[in-house]
A.B. asks: 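Quick one: this structure, given as structure tokens, is what I'll be asking you about.
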2 protein chains.
Amino acid sequence: MSRPRRPGPEGRQPTIKQVAERAGVSPMTVSRTLAGGSGVRPEVQQRVLEAVQKLGYHRNENARSLRPGHRSGLIGVAITNLANPYYGTFALGVEEVAATYGRRIILGNTGEDADRETQLVADFIGRQIEGLIIVPSASSADHLGPDRIGGLPAVLASRRVYGLELDTVVLDDVGGAYRGTRHLIESGHRRIGYLGNVLSVFTGQRRFSGYERALTEQGLAVHPELVQRGQQDVESAGAALARLLDSDDPPTAIFSANNRNTIGALSEIGRRIRGGTDPSRLPALVGFDDFELADLSPVPLAVIAHDPHQLGAEAARLLFHRMESTDPVPARTIELPVTLRIIRP
Amino acid sequence: MSRPRRPGPEGRQPTIKQVAERAGVSPMTVSRTLAGGSGVRPEVQQRVLEAVQKLGYHRNENARSLRPGHRSGLIGVAITNLANPYYGTFALGVEEVAATYGRRIILGNTGEDADRETQLVADFIGRQIEGLIIVPSASSADHLGPDRIGGLPAVLASRRVYGLELDTVVLDDVGGAYRGTRHLIESGHRRIGYLGNVLSVFTGQRRFSGYERALTEQGLAVHPELVQRGQQDVESAGAALARLLDSDDPPTAIFSANNRNTIGALSEIGRRIRGGTDPSRLPALVGFDDFELADLSPVPLAVIAHDPHQLGAEAARLLFHRMESTDPVPARTIELPVTLRIIRP
DNA sequence: CTGTTAGCGCGTTCAG
DNA sequence: CTGAACGCGCTAACAG
């Protein structure tokens with residue numbers, strides 16, 4: 001059985017006109033039937049639906065959204081790294097809330113690249129999204145300014161962008177990092193290393209300041225040689241920890257400011273244990289972001305846990321609230337709580 | 001500084017007409033300028049671009065795609081679980097190849113739900129996608145039949161659907177499961193449990209048959225009481241392993257047919273070790289799908305490794321090949337190799 | 001170099 | 001109950 005040729009001319013989708021022709025009615029009757037059928041004789045509806053079936057007709061949403069008063073039903077979601085389960089779960093949170101509002105999400109990956117982000121947002125707008133949820137890749141505000149996105153409802157998630165008056169959902173980065181670091185100090189550690197993002201990233205700056213605060217508050221110095229910033233992936237995070245551990249006076253504990261760094265650190269720790277290093281000579285760890293298999297940690301471990309799904313859902317709620325309110329609402333920032341979860345004392 | 005009102009009437013995006021008016025030219029001149037500007041006086045272009053800037057104008061892609069000959073530039077991607085990093089990475093592979101063809105992806109999550117999948121595909125088509133890549137949620141073919149999607153180029157990934165003549169990219173499920181199980185047998189195990197998907201799922205059926213083959217080939221029986229199927233998430237997978245381990249004659253090794261089951265099993269193993277169980281009394285493990293932190297396994301572990309990114313990229317290549325070929329190409333199936341990676345002997 | 005015309009697929013409005 | 005006309009935003013083809 002050979003695959004049938006595409007019904008429309010030029011390989012396009014069949015149109016309402018073709019359905020009408022086949023059913024022996026006018027396009028209007030098809031439109032009405034598909035809109036619920038009120039005011040169309042049942043027998044005619046039957047004929048129309050048959051034609052729809054036969055042709056594999058689908059309404060052209062793009063054409064529909066062109067009509068005044070009609071909405072595209074799309075929410076644009078731009079995340080930095082699709083391969084990171086954290087953002088996948090985040091997107092899922094957005095999607096579920098969006099679904100309850102009858103909207104679909106269109107998802108784009110920026111790869112932490114500002115240019116791609118700019119492009120993505122422009123394209124989203126070109127596709128008539130009704131709202132935008134974005135995990136900004138950097139602190140640059142250019143492409144998100146009011147003159148670029150117009151009055152399009154937009155929500156920033158996870159990171160804030162200075163100079164932008166947009167609704168924002170962030171985590172209690174400072175508090176979480178503070179409590180995590182504090183936990184290590186209370187466990188008796190004095191030399192506590194730091195693995196994290198560069199300061200130009202919103203969360204990088206906030207989490208480092210929480211780490212800093214906990215140390216200085218306890219009269220401990222921040223040793224620059226114990227601070228490794230900028231590694232974004234598991235592999236380089238492992239290498240960064242290796243540098244710390246191989247130094248003359250290595251840290252006895254590590255505060256890791258995000259998932260990727262924590263995983264990288266644990267992988268490196270695992271490698272060393274298999275290489276014969278005694279686990280008791282390896283650093284204790286506190287990591288921002290929870291992760292799977294934390295239970296298997298061979299060293300003392302705690303995580304700053306929070307729910308990416310909730311982050312996404314909250315961002316979506318903020319967005320729809322703005323979309324539905326007619327009069328201007330001042331930009332709000334929601335800071336979601338985090339909890340210190342001790343996996344292994 | 002208050003957020004500016006949306007320029008267009010009714011909160012819609014500004015149109016080419018408004019830009020034209022503001023620049024004191026006709027819409028056509030704006031269109032030409034935006035298309036590269038050939039045949040427009042530089043000074044006029046200047047005026048146009050200024051108006052574009054001021055109004056925050058973006059071309060309406062939906063309207064553009066309405067025009068004959070124009071394409072939407074969208075590839076629809078439907079995956080089963082966005083929160084699973086495996087599929088996130090898969091989508092990334094698709095996206096990257098799509099980008100080289102100047103296409104963007106529109107991503108939808110089916111949640112293993114056939115109805116949502118049907119809806120999703122219909123909506124995708126309504127939005128004039130040029131091609132479809134789908135990880136089918138079940139073996140039901142209804143909504144993907146030629147009469148439903150017309151001649152729309154489509155590729156199935158990871159799972160095949162019987163009765164559909166579509167391009168497909170799958171893994172060497174049978175071979176992988178065979179080699180994994182065989183590895184356990186060669187390590188001296190005789191009672192090897194199975195954790196995996198139900199047989200109605202394509203991969204579930206294939207991977208179980210690889211497991212089965214390895215056992216029978218070596219003269220070992222498949223013990224139904226050692227087979228746990230149907231658990232889809234980490235938690236229930238852990239519970240399934242617990243059932244096996246708490247039985248009268250527990251297995252000494254486990255073959256786990258997917259990521260979720262492997263993670264769940266390792267979590268359960270971790271729990272038991274922390275509860276005081278001697279690791280040597282816990283089962284060795286071979287899991288289909290690689291995963292992060294495999295290095296930390298406290299029990300002997302091997303994984304059937306493969307690259308979801310590659311799976312996505314291959315699916316996309318298959319899709320574009322079909323999209324670009326004018327004459328009908330018979331449906332092809334590509335089976336990607338997998339490798340046995342021994343993490344801990 | 002620039003503007004006018006026409007039509008892509010659809011649905012609201014108004015006529016039959 | 002059904003159809004014809006119109007226009008949503010955009011651009012190819014054709015004037016000027």
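Naming convention: chains lettered A, B, ... in sequence-line order (proteins, then strands); numbering from 1 in each chain.
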A.B. asks: Excluding sequence neighbours, so at least two apart, what forms side chain to side chain contact (heavy atoms under 4.5 Å, CB included) with A:Ala63?
C.D. replies: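 For A:Ala63 the side chain to side chain contact (heavy atoms under 4.5 Å, CB included) partners, ignoring immediate neighbours, are A:Asn60, B:Leu66.
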
A.B. asks: Among residues two or more places apart or on two chains, list those pairs meeting ring-ring contact (aromatic ring centres under 6.0 Å, His included) that have a residue in residues 21-64 of chain A.
C.D. replies: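 Qualifying pairs: none.
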
A.B. asks: Just N and O in the side chain of A:Ser26: are any of them under 4.0 Å from OP1 or OP2 of D:dA4?
C.D. replies: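 Looking at the OP1 and OP2 atoms of D:dA4, neither is under 4.0 Å from any side-chain N or O of A:Ser26.
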
A.B. asks: If you count the non-hydrogen atoms of other residues, nucleotides and ligands that lie under 6.0 Å from CD in B:Gln310, is the total more than 12?
C.D. replies: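 Yes, enclosed.
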
A.B. asks: Can a salt bridge be assigned to the pair A:Glu112 and A:Arg159 using a cut-off of 4.0 Å between side-chain N and carboxylate O?
C.D. replies: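 Salt bridge: yes.
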
A.B. asks: Counting primed atoms plus P, OP1 and OP2 as sugar-phosphate and everything else as base, spell out the protein contacts along nucleotides 8-16 of chain D at 4.0 Å heavy-atom distance: B, S or - for each nucleotide, 5' to 3'.
C.D. replies: BBBBBB---

A.B. asks: Tell me whether the count of non-hydrogen atoms from other residues, nucleotides or ligands lying under 6.0 Å of CD in B:Gln119 goes above 12.
C.D. replies: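 No, because the 6.0 Å sphere around CD of B:Gln119 holds 12 heavy atoms or fewer from other groups.
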
A.B. asks: Can you tell me the distance, in whole Å, between the CZ atom of A:Arg71 and the C1' atom of C:dC10?
C.D. replies: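 Taking CZ of A:Arg71 and C1' of C:dC10, I get 17 Å after rounding.
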
A.B. asks: With salt bridge (Lys or Arg N to Asp or Glu O under 4.0 Å) as the criterion, how do A:Arg47 and A:Glu50 come out once you've worked through the C-alpha distance, each side chain's angles and the decisive distance to 0.1 Å?
C.D. replies: CA-CA 5 Å; A:Arg47 283 217 313 280; A:Glu50 265 170 32; over 6 Å; no

A.B. asks: At how many degrees, to 10°, do the end axes of the helix from C:dC1-D:dG16 to C:dG16-D:dC1 meet when each uses five pairs?
C.D. replies: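 It comes to 50° between the two terminal axes.
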
A.B. asks: Scan residues 94-130 of chain B for pairs that pass ring-ring contact (aromatic ring centres under 6.0 Å, His included), counting only residues two or more places apart or in two chains.
C.D. replies: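 Every pair satisfying ring-ring contact (aromatic ring centres under 6.0 Å, His included) with a residue in residues 94-130 of chain B: B:Tyr101-B:Phe320.
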
A.B. asks: Sequence neighbours left out, what pairs pass ring-ring contact (aromatic ring centres under 6.0 Å, His included) with at least one residue falling in residues 29-48 of chain B?
C.D. replies: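 Counting only pairs at least two positions apart or across chains, no ring-ring contact (aromatic ring centres under 6.0 Å, His included) contact touches residues 29-48 of chain B.
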
